[in-house]
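Because the structure is a prediction, the values reported are computed rather than measured.
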Amino acid sequence: MRTFAQPDIEMERRDDGSVVLRSRTSLTDFESSITAVLRQRAAEHPDRPFAAQRDDHDHWVTLTYGDAARKADTLAAAFRDLGLGAERPVMILSGNSLEHLLVSLGAYAAGAPAMPISVAYSLMSSDHARIRAIAELTEPGLVFADDAGPFAGALDALGLDQVLIARGDREDAARLDDLLTADSTLDGDPGPGAETVAKLLFTSGSTGVPKGVINTHRMLCSDQAMLQAVWPFLAEEAPVLVDWLPWSHTFGGNHNLNLALFNGGTIYIDDGKPAPPLFPRTVAALKSVPPTVYFNVPAGYALLAPALENDPELAERFFSRLRFMFYAAAALPDALAARLRKLAAEHADHAVPLTSSWGTTETAPGATTMHYLGAPTGCIGVPNPGVAVKLAPVGDKLEIRVKGPNVTPGYYRAPELTAETFDEEGYYRSGDAGKLVDESDPNQGVMFDGRIAENFKLLTGTWVSVGSLRTRLLSTAGVLNDAVICGQDAEYVAALAWVNPAEARDRSAAELREHLSRALGRVNADGGSAARIERLLLLDAPPSLDAGEITDKGYLNQRRCLECRADEVGRLYANPPDPEVIRPA
């Protein structure tokens, strides 16, 4: 069975300089709701594991499709008895867990929007300002936390009347087990319709209230139909995922979790994370269960690559039945991509391509997919069936705009913001830039070309493409976890950066500085002023969530970092140079 479908893309060039791309492959009919899909899968294979998580003894505890459907309907009836519905959503503060999954499925069946909120807003925030603002906007009828202890501060800050917990103790809180054994029934209710709001997902802003992106059942179901069209193997091979990506994010909660559900697969919840203290949990999960498809962000692969290189047994098991490695959400450095391809060639007895896609919370998320071989790193693929992608001129860039059944109708209780987000033809304006890999062949796909709002001009008037320069720095240096590109209205470009401990642990401070100095020299070898980095300063203090420097998904907010790190930026441009500043060799 083929892993990838052959792309067949038509291209329309317009007089205004925009380019519209569409797949000639028609999108097949898709199910009306997540609830309908769950009930169908439960009827087809009730005893097959749908999801699994590790208990306190590291044993996998599973939830079958049959149990998931029964418990979701029981919870839905209880939620309706509690008065939940379209205008009274369910706020979910918990991380990925079987309990979180059941509460979400119950909310879908009840027609009450599920609102999975990043645990960072509850557990890493000192003031809980964002979750309080979200609650003020949405007026949830119920808040669920899977453990009353860790989430006590967040629950106190919210002060909602109806609280549901799975573990721990909290006065006046209802218990999930009690609702799961209630006598309420749905009495043959057909479930939600395609335009019913399934969930509200909140995108990270640098300040103020995150935007509540409406996700309808139509969006989520059409998105999975698109993946089935471009990955034909799904029709015959139920996927197995080992996945940590948070369900409060569209990548983890819509793309990956729903991929298992729609194709009768199993998702093993990885309670690790791409951070040194928790990453051993990810390694243990991958040793226990080899995935058939693997999804991660570049920061995760930056930790996985050395782990695979240093543990041949792990590498053999990881690649044993893997169809592809998939990255998204940020650009993957070329050097890291090369390491992953080399590992696959050494340890797999079959081809394991490295692929990617592009999308946003507003597109559910998949709008493009790289479902073909030979594309360069940074390619985000071609439009999925049913999607139209317009590359529209904005300044010196082409903005990626999207129209299709997977696109949001707008933002919750924010009509003015909704109106601003769509152009005159109804295309969603992403703020991301793209360009054709080959101007004459749309089947070669689109290259990601950075965030339009991040780019800036030097004093010379030369534009700096932040996204591509940052990726080149990370790829060339090889030891950096992330970087912020500086230089607006300055004479030259500089950078603030954080070291990846897994890559730099065998180097002394002097050796690290020398390595980075040489790396800057290589970055600058062939570039003009906008492609050169003249100074680099390493930072110790991690980016702050409360300050908006880092999003709940772990990505840097470039502009906010520059605002918060004004003193460090000043050190970069001081004359004479600060002694800690690294310069090119």
Side-chain angles (χ1 to χ4, degrees), residues 1-5 37 41 45 48-53 60 65 96 101 220 223-247 249-270 272 274 282-283 285-298 300-301 304-305 307-308 314-329 332 337 340-341 343-345 347-359 364-366 368-373 375 379-381 384:
M1 187 67 178
R2 290 177 304 133
T3 298
F4 296 146
V37 174
R41 300 297 172 267
H45 33 69
R48 182 182 296 176
F50 170 23
Q53 69 183 20
W60 290 105
Y65 278 90
N96 300 359
L101 176 57
L220 306 185
D223 180 69
Q224 290 300 317
M226 294 171 191
L227 294 182
Q228 290 170 339
V230 301
W231 294 337
F233 75 93
L234 293 170
E236 297 183 10
E237 181 182 299
V240 176
L241 287 75
V242 180
D243 198 66
W244 68 269
L245 289 152
W247 295 345
H249 179 208
T250 186
F251 189 0
N254 288 347
H255 191 284
N256 296 356
L257 176 59
N258 285 347
L259 184 74
L261 170 60
F262 275 70
N263 299 285
T266 305
I267 184 167
Y268 289 84
I269 299 170
D270 169 14
T282 291
V283 171
L286 292 172
K287 281 188 173 180
S288 174
V289 181
T292 63
V293 290
Y294 190 66
F295 302 92
N296 215 326
V297 296
Y301 282 115
L304 181 61
L308 295 172
L314 169 66
E316 294 289 336
R317 189 149 174 80
F318 175 72
F319 287 110
S320 62
R321 56 179 181 175
L322 194 64
R323 277 198 173 265
F324 55 70
M325 295 175 285
F326 180 108
Y327 69 93
L332 187 72
L340 293 170
R341 292 189 179 103
L343 282 161
H347 295 283
D349 61 3
H350 57 284
V352 183
L354 181 62
T355 186
S356 186
S357 73
W358 174 88
T368 70
T369 305
M370 192 174 73
H371 54 97
Y372 49 93
L373 302 178
C379 177
I380 58 175
N384 289 336

Task: From W358, F295, W247, residue fulfilling ring-ring contact (aromatic ring centres under 6.0 Å, His included) relative to H255 - done: F295
Rounded distance (nearest 0.5 Å) linking atom [atom1] of [X] with atom [atom2] of [Y]:
X	Y	atom1	atom2	answer
D270	Q53	CG	CD	12.0 Å
Q224	L261	CD	CG	8.0 Å
L245	T250	CG	OG1	11.0 Å
L304	L343	CG	CG	8.0 Å
Y327	F251	OH	CZ	11.0 Å
T355	M370	OG1	CE	4.0 Å

- [ ] Using the six-membered ring wherever Trp is involved, compare the ring planes of F326 and F324 and label them parallel, tilted or perpendicular (cut-offs 30° and 60°).
- [x]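 Ring orientation of F326 relative to F324: tilted.
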Would you mind reporting whether [Y] and [X] have side-chain heavy atoms less than 4.5 Å apart?
X	Y	answer
D223	P365	yes
M325	F319	yes
L101	L257	yes
N96	I267	no
F318	P291	yes
L308	Y301	no

Looking at [Y], is its backbone amide N or carbonyl O close enough to the side chain of [X] to form a donor-acceptor pair, meaning the two atoms are under 3.5 Å apart?
X	Y	answer
R41	F262	yes
H350	L322	yes
T292	P239	no
T368	I380	yes

Open item on the list: According to side chain to side chain donor-acceptor pair (under 3.5 Å), who are the partners of D243, at least two apart in sequence or on a separate chain?
Closed with: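 Side chain to side chain donor-acceptor pair (under 3.5 Å) check on D243 returns N256.
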TODO: Please lay out, stage by stage, how R321 and V240 fare under the test side-chain contact (heavy atoms from CB on, under 4.5 Å).
DONE: CA-CA 10 Å; R321 56 179 181 175; V240 176; 3.8 Å; yes
Task: Trace of the side-chain contact (heavy atoms from CB on, under 4.5 Å) decision for L286 with R317 - done: CA-CA 8 Å; L286 292 172; R317 189 149 174 80; over 6 Å; no
Task: S288-W60 side chain donor-acceptor pair, cut-off 3.5 Å - done: yes
TODO: Step through it carefully: locate the ring centre of F4, locate the ring centre of Y372, and say whether they are under 6.0 Å apart.
DONE: no
Give the minimum heavy-atom separation between [X] and [Y], together with the two atoms involved.
X	Y	answer
R2	R323	C-NH1, 4.4 Å
W244	G272	CB-O, 3.7 Å
A328	S356	CA-OG, 4.3 Å
A260	Y65	O-OH, 3.0 Å

Below 3.5 Å, can you tabulate the donor-acceptor pairs from side chains in residues 227-236 to any protein atom, sequence neighbours excluded?
| from | atom 1 | to | atom 2 | distance (Å) |
| --- | --- | --- | --- | --- |
| Q228 | NE2 | N263 | OD1 | 3.0 |

